[in-house]
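Taking it in order: structure first as structure tokens, then the write-up.
In what follows, chains are A, B, ... by sequence order, proteins preceding strands, each numbered from 1. Side chains included, hydrogens not; waters and symmetry mates left out as well; all remaining heavy atoms used.
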There are 2 protein chains.
Amino acid sequence: MMKFDKIEEYILNNIKSDVYLSEEKIESENELAKKFGVSRMTCRKAIENLVQRNYLYKIKGKGTYVKNNENKHIIYLNEAIGFSERTKRENLSAVTNVLQYEERFPSDQISKKLNINKEERIVYLKRLRFINEEPVVVEITYIPKKFVNEKRLNEFFESKYNYALSENYKIKEMQKEYMGVLPNRDIKELLNIKENIPVFKLENTAILENGEIFEYTKAFYNQEKYKFLEILKKDIDKY
Amino acid sequence: MMKFDKIEEYILNNIKSDVYLSEEKIESENELAKKFGVSRMTCRKAIENLVQRNYLYKIKGKGTYVKNNENKHIIYLNEAIGFSERTKRENLSAVTNVLQYEERFPSDQISKKLNINKEERIVYLKRLRFINEEPVVVEITYIPKKFVNEKRLNEFFESKYNYALSENYKIKEMQKEYMGVLPNRDIKELLNIKENIPVFKLENTAILENGEIFEYTKAFYNQEKYKFLEILKKDIDKY
DNA sequence: CAGTGGTCTAGACCACCAG
DNA sequence: TGGTGGTCTAGACCACTGG
């Protein structure tokens, strides 16, 4: 067992047995180093591991604190009608910020995902969505240009699915891929994540009734203050 | 911009511009240190960050390699009929290993999740599931004892949902919570994960037609060789 | 101002792997 | 055996927070 393992175990035990209380400051790195007779770098490794596992967080110049993971708001993912609708019922204020919107030709990867050839133009859309003034999700959408009515861009920006409905594009199938990933610097900055902690990533492919792919979206969810649920109401034998 | 940022950028550029090929060995930590005029620990930090973001992997005594994330097998999560069914159609061999099975009284947290009082007995079930001899998911299930027919434990172990069906427990609703997390040592060892990389975590609550909660399950999915998809076939306005 | 965490150094010893 | 990554050390300087 390594030295940093012992320090991790010590801190974890203190959290689980309420020696440290939620949101309380723990010993400084120097104090831990002295207490365990190790170097400061070894303490830092132990602390960093627990930060990444959501037990602790650090504030530069102040100290290391026990994280409180209770009382997270719930966001429901299963309403394709859009972010705004999801949040209204929770009495949360939702704001969508369009960071980037441009026409492009698709990369190899994207033309494959959208099942179109590389000469067909697409639209690249990058949005940052806030709930109660906090950044919650970065959504990066690739959509064939032919599906975008430029006279109704604002509606499209706010909710792709309301827009799709009103333009009479019928989506017959959604393919979702779920992942846990560590975000790159861009996503970290947008979501205002200071530490090196995982986010929940969802890749969405929407398929129309005629088999064409309406959109491909990558979404990065900030797990700091929200949790992400889906409710499936079905007879079990229809799954 | 920190020194380790520059080394990260250098490595990332080499990957993206195919200077490093997939599965190829990159410079050793000592070589990078010399090339950038920094200490070895600084190189290690840059490499560790890219390992955590799935660009690299390390083998002790050998070196650091570029990871290939193509060609992952697909596992479908939306068939509650069970792991075995999901994998058959992909021509993958599925094995379930029961690591632990015991009666318990629920903790505060679990009695809340199952909506039962703390005097009601539950069953704790910990399973490790393999596909093609590789560990893919750890499932930890909490289920009220009253729902477990001890004469049919083997069927129950293999597929809770086939079992539920055959015992006439009708599930009306599934509540799923999605997360990205860094696994603790136990999960890492079971899934044979060497590096400090995120897994995909799914928490499942199954609700019966009479409102009782049939089970609460935490599942940790190894993203190394598989990806996890769900297909929703619906009219968009029924979401 | 003293204390905190963030970065970085130039070493050290170890276990592991290959030839 | 020489090279690799894994752990650890005993320093250093910095930027930031609070009193």
> Any stems for DNA chain D, made of 3 or more Watson-Crick or G-U pairs in a row, each with both distances under 3.5 Å?
Replying inline: C:3-18 with D:1-16

>> Quick check on ring pair (Phe, Tyr, Trp, His ring centres under 6.0 Å): which of Tyr178(A), Tyr221(A), Phe228(A) does Tyr178(B) satisfy it with?
In response: Tyr178(A)

> Would you say dG3(D) has OP1 or OP2 under 4.0 Å from some side-chain N or O of Ser28(B)?
Replying inline: no

>> Once side-chain hydrogen bond (donor to acceptor under 3.5 Å, both in side chains) is applied, do any residues pair with Glu24(B), and if so which ones, sequence neighbours excluded?
In response: none

> On DNA chain C, nearest-nucleotide positions of Gly37(B) versus Arg40(A): which is more 5'?
Replying inline: Arg40(A)

> Taking atom P of dG5(C) as reference, at what distance in whole Å does atom CG of Asn30(A) sit?
Replying inline: 7 Å

>> Measuring to OP1 and OP2 of dT7(C), would you say a side-chain N or O of Lys3(B) lies under 4.0 angstrom away?
In response: no

> Which sits closer to the 5' end of DNA chain D, Lys60(A) or Ser39(A), going by the nucleotide each is nearest to?
Replying inline: Ser39(A)

> Atom NZ of Lys25(A) and atom P of dC16(D): how far apart are they, to the nearest Å?
Replying inline: 18 Å

> Within the structure, does a side-chain N or O atom of Thr64(A) lie under 4.0 Å from either OP1 or OP2 of dG5(C)?
Replying inline: yes

> Side chain of Thr42(B), backbone of Val38(B): donor and acceptor closer than 3.5 Å?
Replying inline: no

> Picking from dT4(D), dC8(C), dT9(D), which would you name as closest to the side chain of Thr42(B)?
Replying inline: dC8(C)

> Between Lys194(B) (NZ) and dA15(C) (P), how many Å, whole number?
Replying inline: 18 Å

> Counting only heavy atoms not in Glu133(A), do more than 12 fall under 6.0 Å of its CD?
Replying inline: no

> Which heavy atom in Tyr226(A) sits nearest to a heavy atom in Lys72(A), and how many Å separate them?
Replying inline: O-CD, 4.0 Å

> In whole angstroms, how far is the P atom of dT4(C) from the OH atom of Tyr65(A)?
Replying inline: 11 Å

> Which one of Glu27(A), Glu29(A), Glu31(A) satisfies the salt bridge (Lys or Arg N to Asp or Glu O under 4.0 Å) criterion with Arg40(A)?
Replying inline: Glu29(A)

> Between Lys34(A) (NZ) and dG3(C) (P), how many Å, whole number?
Replying inline: 10 Å

>> Counting only side-chain heavy atoms from C-beta out, which of dG6(D), dT7(C), dT4(D) sits nearest to Met41(A)?
In response: dT7(C)

> Which whole-number value in Å describes the distance from Lys58(A) NZ to dG3(C) C1'?
Replying inline: 16 Å

> Rounding to a whole Å, what distance do you find between Glu29(B):CD and dG11(C):P?
Replying inline: 17 Å

>> In this structure, how many angstroms lie between the P atom of dC8(C) and the CD atom of Glu8(B), rounded?
In response: 11 Å

> Are any side-chain N or O atoms of Glu224(A) and backbone N or O atoms of Ile193(A), one a donor and one an acceptor, separated by less than 3.5 Å?
Replying inline: no

> More 5' along DNA chain D: Lys62(A) or Ile59(B), using each one's nearest nucleotide?
Replying inline: Ile59(B)

> Nearest of dG5(C), dA18(C), dT7(C) to any side-chain atom of Met2(B)?
Replying inline: dT7(C)

